[in-house]
Asker: 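One structure coming up, written as structure tokens, with questions to follow.
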There are 2 protein chains.
Amino acid sequence: MQDGQRIMGRVAMPYDVFAANCPTRLVLDRLADKWALLVLERLRGEAVRFNQLRRDVEGVSQKVLSQTLKRLERDGLVARTVYPTVPVTVEYALTPLGLNLADTVSAFAHWAERNIEAILAAQAAYDGREGAGA
Amino acid sequence: MQDGQRIMGRVAMPYDVFAANCPTRLVLDRLADKWALLVLERLRGEAVRFNQLRRDVEGVSQKVLSQTLKRLERDGLVARTVYPTVPVTVEYALTPLGLNLADTVSAFAHWAERNIEAILAAQAAYDGREGAGA
DNA sequence: TCCATCGGTATCCAAAAGATACTATGTGAC
DNA sequence: GTCACATAGTATCTTTTGGATACCGATGGA
């Protein structure tokens, strides 16, 4: 399944997302987050300030946005820049690593947009069967 | 905002993941789930039975796996087949729609595997700054 | 003076995740 | 006969998380 990959001459452990103790699980864990995905998608192409982000990503609360950004920053996916303007300005932007990921995330988001109707139809069919059966 | 969408006609794509009331949010919500992603990835290429899945996707509990599969089935991404063998056999497989998505998921998982070291390094750097600064 | 904006933190509560135990049915071992 | 195991889940309980709300200091405008 996973051939041993070598990174910088070092023989790395063959990362396996299915293994409970694999560090890739951490990544998956962090990225399997609605808000993180939306933030990454929103940050594609331009830096955005905190409250702007809060307005654009509808439905996110300050606390959750704050936490999400902090995690993304810790993971090296987002860079936080503080400008000492009069009300302090904080700008968030994708790092190269984050930009790289955001492309994958974008594929995800667009898949959702393309296939939402099929999913809604499947849900309706499923609920119909359940409702009739019960 | 998305008043003009036609279900049958496949006209434009008025869907916007950033809008709180957009149905794509439902998809994102469902898919932004660690276990769902792992299940989809595991189901690529072959049908798997419940307990086998449970063993393969390390760390998942029965309850969560059961819930996850039920949701994926409702979304039309996974098909559930019951064989009336002696201890009943239940097989889960990707639907065409699910397979389509699984390819995107796979890109995600492989991104994680490729970039895990960069992320771990970023985390270490971040934690070092935090530890030293505070 | 009062209220707004900036970028957050603190607090509380509801919802979800996770661990554990249990169900039913049937097989093989002892 | 009955003990233990397998199948595929459900039921229950606890812990963790997510989300809503309130609040913070500083500043500027009506």
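Side-chain atoms are counted along with the backbone in the values below, which use heavy atoms only and exclude waters and symmetry mates. All chains are named by letter (A, B, ...) in the order of the sequence lines, taking the proteins before the strands, and each is independently numbered beginning at 1. Please read all numbers here as calculations on a predicted model, not as lab measurements.
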Asker: Which residue, A:Y92 or A:D29, contacts DNA chain C at a nucleotide closer to its 5' end, judged by nearest heavy atom?
Answerer: A:Y92

Asker: Using a 3.5 Å distance criterion without hydrogens, assess whether the side chain of A:R25 forms a donor-acceptor pair with backbone atoms of A:F18.
Answerer: yes

Asker: Rounded to the nearest Å, what distance is computed from the CG atom of residue B:L65 to the P atom of nucleotide C:dA17?
Answerer: 13 Å

Asker: Test your reading of the model: is there a side-chain donor-acceptor pair from B:N51 to the backbone of B:R54, 3.5 Å cut-off?
Answerer: no

Asker: Output the rounded distance in Å from CD (B:Q62) to P (C:dA19).
Answerer: 10 Å

Asker: Is there a donor-acceptor pair under 3.5 Å between the side chain of B:E58 and the backbone N or O of A:A19?
Answerer: no

Asker: For A:Q52 and A:R55, which I'm curious about, is there any donor-acceptor pair between the side chains at under 3.5 Å?
Answerer: yes

Asker: Given C:dT9, is OP1 or OP2 found less than 4.0 Å from the side-chain N or O atoms of A:S66?
Answerer: yes

Asker: Nearest heavy-atom pair of A:L97 and A:D75: which atoms, and what distance?
Answerer: CD2-O, 4.1 Å

Asker: Would you mind telling me which residue lines up with the more 5' stretch of DNA chain D, A:V88 or A:V60, judged by nearest nucleotide?
Answerer: A:V60

Asker: From CD of A:Q52 over to P of C:dG7, roughly how many Å is that when rounded to an integer?
Answerer: 9 Å

Asker: I'd like the 5' and 3' limits of the part of DNA chain D contacted by chain B, with heavy-atom contacts below 4.0 Å.
Answerer: D:dT7 to D:dT12

Asker: Taking only the side-chain heavy atoms of A:K63 (C-beta and beyond), determine which of C:dT11, C:dA17, C:dG7 contains the nearest atom.
Answerer: C:dT11

Asker: Could you tell me the separation between the CG atom of B:L38 and the P atom of C:dG18, rounded to a whole number of Å?
Answerer: 11 Å

Asker: What's the shortest heavy-atom distance between B:L53 and B:V48, and which atoms?
Answerer: N-CG1, 3.6 Å

Asker: Is the side chain of B:R44 donor-acceptor paired with the backbone N or O of B:L99 at a distance under 3.5 Å, no angle test?
Answerer: no

Asker: Looking only at atom types and distance, does a side-chain atom of B:N100 sit under 3.5 Å from a main-chain N or O of B:P96, one as donor and one as acceptor?
Answerer: no

Asker: Indicate, with a heavy-atom threshold strictly under 4.0 Å, whether B:Y83 touches base, sugar-phosphate, or nothing.
Answerer: nothing

Asker: Ignoring hydrogens and angles, write down the donor-acceptor pairs under 3.5 Å from the side chains of residues 76-89 of chain A, residues two or more places apart or on other chains.
Answerer:
unit_1, atom_1, unit_2, atom_2, d
A:R80, NE, A:Y92, OH, 3.2
A:Y83, OH, A:E91, OE1, 3.4
A:T85, OG1, A:Y83, O, 3.4
A:T85, OG1, A:P87, O, 2.8
A:T85, OG1, A:T89, N, 3.2
A:T85, OG1, A:T89, OG1, 2.7

Asker: Residues of residues 67-78 of chain A with any non-hydrogen atom less than 4.0 angstrom from an atom of DNA chain D: list those, numerically ordered, please.
Answerer: A:R71

Asker: Establish, with yes or no, whether the OP1 or OP2 oxygen of C:dA16 is under 4.0 angstrom from a side-chain nitrogen or oxygen of A:K34.
Answerer: no

Asker: Which is true for A:R54 with a 4.0 Å heavy-atom rule: it touches a base, it touches only sugar-phosphate, or it touches nothing?
Answerer: nothing

Asker: For A:N51 and C:dG8, give me the distance from atom CG to atom P, rounded to whole Å.
Answerer: 9 Å

